[in-house]
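Below: the structure, in structure tokens.
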Amino acid sequence: MRQVTVVEHLLLSQKERPMASGRFTRLLTELILSAKIIGREVSKAGLLDVLGATGEVNVQGEIVQKLDDFSNQVIIRRMERAGVLCAMVSEENADFIEIPRQFPVGDYILIFDPLDGSANIDANVSIGTIFSIYRRTSYTQQAVTLDEILQKGAMQVAAGYIIYGSSTMMVYTAGNGVHGFTLDPSVGEFLLSHPNIQIPEQGRIYSVNEGYWSYWDEPTRRIVNHFKSDENALGRPYSLRYIGSLVSDFHRNLIYGGIFMYPADHRDPRKPKGKLRLMCEANPMAMIVEQAGGLAVDGTRRILDIEPEELHQRVPLFVGSKKDVEVVLQYYREAGDDRP
Ligand code: AHG
Ligand code: MN
Ligand code: MN
């Protein structure tokens with residue numbers, strides 16, 4: 001069987017689509033290389049810890065960095081030179097990142113979470129990189145402004161993630177279905193392994209950090225109870241699966257069917273809108289899930305329709321199989337004004 005790489009797949013699918021500029025291919029190629037470099041470091045994280053303990057200096061003579069920071073630097077340094085971006089937004093940087101003057105600019109905007117689920121690294125649990133790509137709405141030579149970056153998720157031209165798991169996989173959409181590629185380490189390429197991923201319409205898994213039960217409002221508790229009871233569409237409790245790594249939890253539910261929830265914490269002053277970030281985390285997952293036939297909402301609104309007001313805005317997130325997310329919408333709708 002002929003093996004198809006990400007770029008080959010992109011070129012084939014772009015035959016029918018106008019986005020076929022070499023620039024997008026270039027963007028993706030650089031991103032893939034960044035992911036391979038991050039994946040390499042992630043896979044030897046435990047080893048680096050051991051080596052780093054001797055003097056905190058690695059073989060290149062650099063101070064061993066936390067993997068979050070390492071991943072962030074890899075993406076920024078590679079992508080700023082790619083000549084296709086006008087700005088980047090990283091979960092790790094408070095402000096947006098401009099392209100230094102010495103490098104050529106393009107009209108794409110890259111928003112990313114360099115390492116998601118990083119609290120899990122030391123336990124060898126799957127983690128990932130999430131990305132979201134926009135286009136500048138007006139092409140000028142002027143420096144990009146914050147307003148141009150704060151676009152709603154529906155404006156994304158592509159989104160995806162790389163999961164560093166039992167194998168390394170890249171899942172992405174450019175608005176033409178969701179496709180998964182598995183890294184074949186022997187050839188160093190991501191090869192098409194999951195064409196046209198569709199999330200089951202009805203799930204059987206719910207994923208939520210139920211430790212926060214006492215912080216939730218009544219409608220949220222009713223929703224979680226619904227999935228645990230035998231009075232739901234399955235007629236039996238869903239299985240609970242929660243890794244605490246959005247990429248991994250989302251990926252599993254995408255393949256098996258289910259719902260991931262990170263509701264608002266009404267008694268945690270740090271999380272009145274939940275924990276996850278609209279632009280770095282929720283929007284890319286929302287684009288992917290919709291392209292796969294699922295839904296993503298904040299409880300009442302479609303995630304992709306939310307107009308962002310700030311770069312690191314947080315949002316409650318309910319994402320997954322269509323029928324499961326519809327249950328969430330229905331419960332919050334019924335609760336109406338009773339919600340605090
Ligand atoms: P990050 O590692 O990028 O900061 O994100 C962690 C996020 C996400 O991956 C996960 O879904 C969530 O944090 C888990 O949070 P809780 O520990 O509060 O459940
Ligand atoms: Mn994250
Ligand atoms: Mn992160």
| field | Pairwise side-chain contact, Glu91 with Ile111, heavy-atom cut-off 4.5 Å (strictly under) | value | no
| Side-chain heavy-atom pair Ile288, Met285 within 4.5 angstrom cut-off | yes
| Is it the case that Tyr331 and Thr220 place a side-chain donor and acceptor less than 3.5 Å from each other? | no
| said: The test is side-chain contact (heavy atoms from CB on, under 4.5 Å); show your working for Arg252 and Ser207 and say whether it passes. | reply: CA-CA 10 Å; Arg252 181 205 50 241; Ser207 311; 2.8 Å; yes
Mind listing the side-chain donor-acceptor pairs of residues 152-162 below 3.5 Å, one per line with the distance, residues two or more places apart or on another chain?
unit_1 : atom_1 : unit_2 : atom_2 : d
Gln156 : OE1    : Ser132 : OG     : 2.9
Gln156 : NE2    : Gly153 : O      : 3.0
Gln156 : NE2    : Asn283 : O      : 3.1
Tyr161 : OH     : His251 : ND1    : 2.7

| said: Quick one, Phe318 and Tyr332 - any side-chain contact, counting heavy atoms below 4.5 Å? | reply: yes
| query | So do Ile306 and Gln313 actually touch side chain to side chain, heavy atoms under 4.5 Å? | reply | yes
| task | Would you please classify the geometry between the Phe260 ring and the Tyr242 ring as parallel, tilted or perpendicular, with 30° and 60° separating the classes? | result | parallel
| Is the number of heavy atoms from other residues, nucleotides or ligands under 6.0 Å of Gln142 CD greater than 12? | no
| Will you find, in the side chains of Ser90 and Asn72, an N or O donor that is under 3.5 Å from an N or O acceptor? | yes
| said: Once you measure the plane-to-plane angle for Phe227 and Tyr206, does it fall in the parallel (<30°), tilted (30-60°) or perpendicular (>60°) bin? | reply: parallel
| So, for Glu98 and Ala143, which heavy atoms are closest and what is the spacing to 0.1 Å? | OE1-CB, 4.1 Å
| Gap between atom CD of Glu41 and atom CG of Leu115 - 0.5 Å precision | 11.5 Å
| field | Verdict with supporting geometry, Phe181 and His9, side-chain contact (heavy atoms from CB on, under 4.5 Å) | value | CA-CA 10 Å; Phe181 301 80; His9 184 267; 3.7 Å; yes
| field | Ion pair check, Lys228 and Glu210, cut-off under 4.0 Å | value | yes
| query | Do the non-hydrogen side-chain atoms of Val84 and Phe24 ever get within less than 4.5 Å of each other? | reply | no
| Is the CG atom of Asn93 crowded by more than 12 outside heavy atoms at less than 6.0 Å? | yes
| message | Looking only at the side chains, is there a donor atom on one of Glu326 and Gln330 sitting less than 3.5 Å from an acceptor on the other? | response | no
| query | If you measure from CD1 on Ile149 to CG on Leu110, what distance do you get to the nearest 0.5 Å? | reply | 11.0 Å
| field | Over 12 foreign heavy atoms within 6.0 Å of NZ, Lys36 | value | yes
| field | Distance, nearest 0.5 Å, that separates CZ of Arg135 from CD of Gln151 | value | 11.0 Å
| field | Side chains of Leu240 and Ile205 in contact at under 4.5 Å (non-hydrogen atoms) | value | no
| request: Take atom CG of Asp230 as the centre, draw a 6.0 Å sphere, and report whether it contains more than 12 heavy atoms from other residues, nucleotides or ligands. | output: yes
| field | Inter-residue atom distance Asp298.CG - Leu276.CG, 0.5 Å rounding | value | 12.5 Å
| Judged by atom type as modelled, is there a donor-acceptor pair below 3.5 Å linking the side chain of Asn120 to the main-chain atoms of Gly244? | yes
| note | Rounded to the nearest 0.5 Å, the OG1 atom of Thr25 sits from the CG atom of Leu10 at a distance of 4.5 Å
| message | When you compare the side chains of Ser126 and Ser248, does any donor N or O come within less than 3.5 Å of an acceptor on the partner? | response | no
| said: Using side-chain heavy atoms (C-beta onward) and a distance below 4.5 Å, is His194 in contact with Ile255? | reply: yes
| Arg222/Glu334 ion pair, N-O < 4.0 Å | no
| query | Is there a side-chain contact between Lys273 and Pro316, using heavy atoms and a 4.5 Å cut-off? | reply | yes
| Does the side-chain contact (heavy atoms from CB on, under 4.5 Å) test come out yes or no for Ile109 and Cys86, once each step is laid out? | CA-CA 6 Å; Ile109 298 165; Cys86 59; 3.7 Å; yes
| task | Could you grab the distance from atom CD of Glu8 to atom CG of Leu191, nearest 0.5 Å is fine? | result | 8.5 Å
| field | Side chain Arg204, main chain Leu234, donor-acceptor under 3.5 Å | value | no
| Ignoring hydrogens and geometry, is there a side-chain-to-backbone donor-acceptor pair from His179 to Asn196 under 3.5 Å? | yes
